Protein chains: 2
Amino acid sequence: MRTTIKDIANYTGFSVTTISLVLNNKADKIPRSTKNKILDAVEELNYHPNQLAVGLVKKRTQTIGLIISDVSNVFFSTLAKGVEDSCRSQGWNLILCNTNDKHERDMSYIQVLANKGIDGILFCMARDSDKKKTEESIQLLKKLKIPFVMIDRYLEEADCSSVIVDHKQGGYAAVKYLLGHGHRKIGCVTGPSGLEDSMERLKGYKKALEEYHISFRDEFIYEGNYDRESGAGAVDFFEGKEISAVFAFNDMSAYGVYNSLKKRGISVPGGMSLIGYDDIFFSEILDVPLTTVKQPIYEMGVESVKQLIDEVESGVGARKCIVFQPALIVRESVGYGPAYDPDVESFKENTFFR
Amino acid sequence: MRTTIKDIANYTGFSVTTISLVLNNKADKIPRSTKNKILDAVEELNYHPNQLAVGLVKKRTQTIGLIISDVSNVFFSTLAKGVEDSCRSQGWNLILCNTNDKHERDMSYIQVLANKGIDGILFCMARDSDKKKTEESIQLLKKLKIPFVMIDRYLEEADCSSVIVDHKQGGYAAVKYLLGHGHRKIGCVTGPSGLEDSMERLKGYKKALEEYHISFRDEFIYEGNYDRESGAGAVDFFEGKEISAVFAFNDMSAYGVYNSLKKRGISVPGGMSLIGYDDIFFSEILDVPLTTVKQPIYEMGVESVKQLIDEVESGVGARKCIVFQPALIVRESVGYGPAYDPDVESFKENTFFR
DNA sequence: CTGTTAGCGCTTTCAG
DNA sequence: CTGAAAGCGCTAACAG
C-alpha cells in the first residue's frame, strides 16, 4: 500500500490537517520545528499525495487535454511537443487525444476529458466539422464549463481564446515573392475548400495578385486535400496552362507537385518554381530545398498552454486571440519567371521580400 | 454543478447503491423496470460518472502513461499514434510524457504518473541511461508496483514484458543485401555505442560479413548519433577508404550521408550505395528513394498497449518479450558494387534477397 | 498553533 | 430486490 497522509500523521503524531497544511504551504502559523518534523517524515516514508483524491476535493487536476487529429502527422507532433514541454515546465500534465478528423470523436473526447476532471482543453477541431458540428463542439465545451483554447482556428461566435496564424499574410507573402520573381501565371494547390485556413491563404493569393493588377483566374486554382496526391492531381490539372510557378498550400502537396513534375522531366526551379507552406523539417533537406512559409507551430503549442493555464488559474475566459505571423523561408525552389527583368526596380526590391 | 449519482438517486427515488449497481452492470437482481427508469434518468440528466471519484475507490483509472524522449521525432510520433489508437479502441486514455532523453525526467514522470493513479506505463527509456540509471528506473517502477512494458529495449534483469524489434536481423538483412549487390567495403554509421539497438545492428553487420568471409574492419565504422550531422561526419571519416556502400543505422543519418555526398558531387547510387534504417515516411519520397529497413513502429505501439492492458487486467506480470521482425524495403539507393558479377549465381539469388 | 469534522463522488459490503 | 453506511485519500472550514 502506498503511504497516505494518515501514515504521516501517525508517524509524526500530528493530525492530518497539520500535515496537509504544511504540504500545501498554508502553514504560516506552524512552527519550523513541526514543519521540519513533518517534512522529514514525508521524505522518510516517501510520501506522495494521491492526486486522484486531491483532484476530487480541489476540483483541479493540473492536467489538460489536447485534441488533435493525428499525432503522427508532423504538424501535430510538433505542436504536441510544444504543448507538452510547456505543460511540464509548469508542472502540468497532458492527455493526448487523436480524432482522425472525426467530429464525433471530438465530441466523445471532450466528454471523456471532462469526466476525468481535466482543467482545460486545447482544441484543434476535426476537419470534417461544418458550421453545425463546430457549434455542437463549442456548445458541449460550454455546457461542461471547460476552459478551452482553439488552435489554428478562430471563431467569432465561439467566444473563447484562440491561437492562430495569419494565413492570409502567409499566402500573400508567398505569392508576392513569386510575383517579385517575375511569375505571372501562378497555380494554387489549395486545401479542402471548407477549411478556413485554406481560404485565408487564397485570400492572400488574391490580394497579392491585385497589387500587381493581375486578374484572378479560376483555372489556376486546384482544390486539393493537403496530401501528396493533391500535388500530383494539380500537376495534371495545370497541364497546358503555361503556369510558371505553383503555390502549394502545404508542404506535403508541394512534395506531390515536385515528384509529379520530376516524373514528367520538369525540373524545379528550372522548369517550374514551387513554394510550399508549413516548413516541415524535411523541406529543408530535400534535394531542392523547398522555399516555404513557416508556421511557428512549436511556439503556438507553448503559447496556447500558457493562455489556457492562465484562464484556468484566473478563472476568467480571456477570449484573447493570439495571432502568429508566418515567415517566408527562402530556399531554392523558386527561380525567375517570364516577366522578370533585372533592370526593373520593383524586381530588385522584391527579390529580398520577406 | 455537474450531475452526480445523488441527483439520479433523488430524481428516481432509488438509492445511490441501486444506481451504481445498474450503471456497473452488477444488477442481476434488479428488475428491468427499475433499470430502465434509472437509465432514462441518466440519459435525461446527462449523467457521467466522475472518473476521479471512480478511480479513487476502484484504484483503476483506465489510463496509461507513455514515456518517450520526444514526440516531435517521427519515430516516436508514429509509436504514439499506435499507442493512442489502441488505447482509444479499448476505452483507455493516454498521458504523454516527453523526457528529451533525460533519465531524471524518466524518474520524475514515473512518480507523477503513479500519483495520478495511472494503471500502467509504456516505457521507452531515455538514451542517457547507463546500467545504473536503468536499474534505478526499473526499481522505482517495481517499488511503485506499476505494471509496465518496455519498448524497444529488452532487459533480462528487468523482469517485465517488452516489445522490441530484432535489430540484429535488421542489420544482417541490410548488409547481406549490400553484399549480394557486390559491395565489399561497407561503411557503417552507427548510433551511440552505448545503445543496445545500435550494437545489435552492428552484430548483424558482422554476421553478414562473416558469412562472406570478409574480415571486420574498424576503420569502416563511424560512431554517429542518429542525426544528420552524423551522416556528414561519416562521409568525412570514410574519405579515401574506397568504400562503395554505406549502411546508416537510421534514416536521419542516411539523409546526412546523402546530402554530404551530394555536396561532394557523389551520386547515389551511382557513386555510392546507401541503405538506411527506420523507413520514416519521407524516405519514400526523397529524390532517390531510400532503400531501408522498416520497423513496424505503429504496430509495436498497438501491441504494447494490448500487452500492458492485459497485464493490468489480469494482474499478472506476463514478462513476455514480443519481438517484431524488421523488413528490408528495397527502393533505389543501392546499386551494384565492384565485386558484382552478373554471371555468378549467388548474386542473382541475392538480388532479390529479402 | 493544531485537531475535529464534514465532505468531494463514487463503490461495495452488509443488512433487511 | 434495495438501502444504509463505511471508506477511498485528501482539503478546508471551524473550533479551541
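In this text, all values refer to a predicted model and were calculated from it rather than measured experimentally. In what follows, chains carry the letters A, B, and so on, assigned in the order in which the sequence lines appear, proteins first and then strands, with residues in each chain numbered from 1.
- In this structure, the CD1 atom of A:I8 is 17 Å from the C1' atom of C:dG3, given to the nearest Å.
- Expressed to the nearest 0.5 Å, how far OG of A:S304 lies from CG of A:L79 amounts to 6.0 Å.
- Nearest-nucleotide positions on DNA chain D for B:T18 and A:N50 put B:T18 closer to the 5' end.
- Between the P atom of D:dT11 and the CG atom of B:L52 lies a distance of 14 Å, rounded to the nearest Å.
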Inset, instruction - For nucleotides 11-16 of chain C, just jot down a letter per nucleotide in 5' to 3' order: B, S or -, based on protein non-hydrogen atoms under 4.0 Å. - result: SBB---
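- A donor and an acceptor atom, one from each side chain of B:S86 and B:S89, are nowhere located under 3.5 Å apart.
- If one axis is set at each end of the helix from C:dC1-D:dG16 to C:dG16-D:dC1 from five pairs, those axes are 50° apart, to 10°.
- What separates CG of A:L56 from P of C:dC8 is a distance of 9 Å, to the nearest Å.
- Checking the phosphate oxygens (OP1, OP2) of D:dC1, no side-chain nitrogen or oxygen of B:K35 falls inside 4.0 Å.
- Under 4.0 angstrom from either OP1 or OP2 of D:dG3 there lies at least one side-chain N or O belonging to B:S15.
- Listed by first and then second residue, the salt bridge (Lys or Arg N to Asp or Glu O under 4.0 Å) pairs involving residues 79-93 of chain A are A:K81-A:D85, A:K81-B:D70 (not counting sequence neighbours).
- The distance from atom CD of A:Q51 to atom P of D:dC10 is 9 Å, rounded to the nearest whole Å.
- Atom NZ in A:K37 sits roughly 9 Å away from atom P in C:dT2 (whole-Å rounding).
- Side-chain atoms of B:Y154 and B:E196 include no donor-acceptor pair closer than 3.5 Å.
- When the side-chain nitrogen and oxygen atoms of B:T4 are compared with OP1 and OP2 of C:dG9, none of them lie within a distance under 4.0 Å.
- Regarding B:N115, its CG atom lies at a distance of 12 Å from the C1' atom of D:dG9, rounded to whole Å.
- The interatomic distance linking A:K6 (NZ) with D:dA6 (C1') rounds to 11 Å, in whole Å.
- Using modelled atom types and a 3.5 Å distance limit, the side chains of A:S137 and A:T134 yield no donor-acceptor pair.
- Under 4.0 angstrom from either OP1 or OP2 of C:dT2 there lies at least one side-chain N or O belonging to A:T34.
- Atom NZ of A:K59 is separated from atom C1' of D:dC10 by 12 Å (rounded to the nearest Å).
- Every residue was checked against the salt bridge (Lys or Arg N to Asp or Glu O under 4.0 Å) condition with B:D152, not counting sequence neighbours, and none meets it.
- No engagement by B:G117 is indicated, since no non-hydrogen atom pair under 4.0 Å with the nucleic acid exists.
- Residue pairs that meet the salt bridge (Lys or Arg N to Asp or Glu O under 4.0 Å) test with at least one member in residues 307-316 of chain A, sequence neighbours left out, do not exist here.
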Under 3.5 Å donor-acceptor pairs involving side-chain atoms of residues 110-119 of chain B, not counting sequence neighbours:
unit_1: B:Q111; atom_1: NE2; unit_2: B:N115; atom_2: OD1; d: 2.9
unit_1: B:N115; atom_1: OD1; unit_2: A:R2; atom_2: NH1; d: 3.4
unit_1: B:N115; atom_1: OD1; unit_2: A:R2; atom_2: NH2; d: 3.0
unit_1: B:N115; atom_1: ND2; unit_2: B:Q111; atom_2: O; d: 3.4
unit_1: B:K116; atom_1: NZ; unit_2: A:T61; atom_2: O; d: 3.0
unit_1: B:K116; atom_1: NZ; unit_2: A:T63; atom_2: OG1; d: 2.8
unit_1: B:D119; atom_1: OD1; unit_2: B:T61; atom_2: N; d: 3.1
unit_1: B:D119; atom_1: OD2; unit_2: B:T61; atom_2: N; d: 3.0
unit_1: B:D119; atom_1: OD2; unit_2: B:Q62; atom_2: N; d: 2.7

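- Ion pair B:K133/B:D128 flagged as a salt bridge, since at least one NZ, NE, NH1 or NH2 atom sits closer than 4.0 Å to an Asp/Glu carboxylate oxygen.
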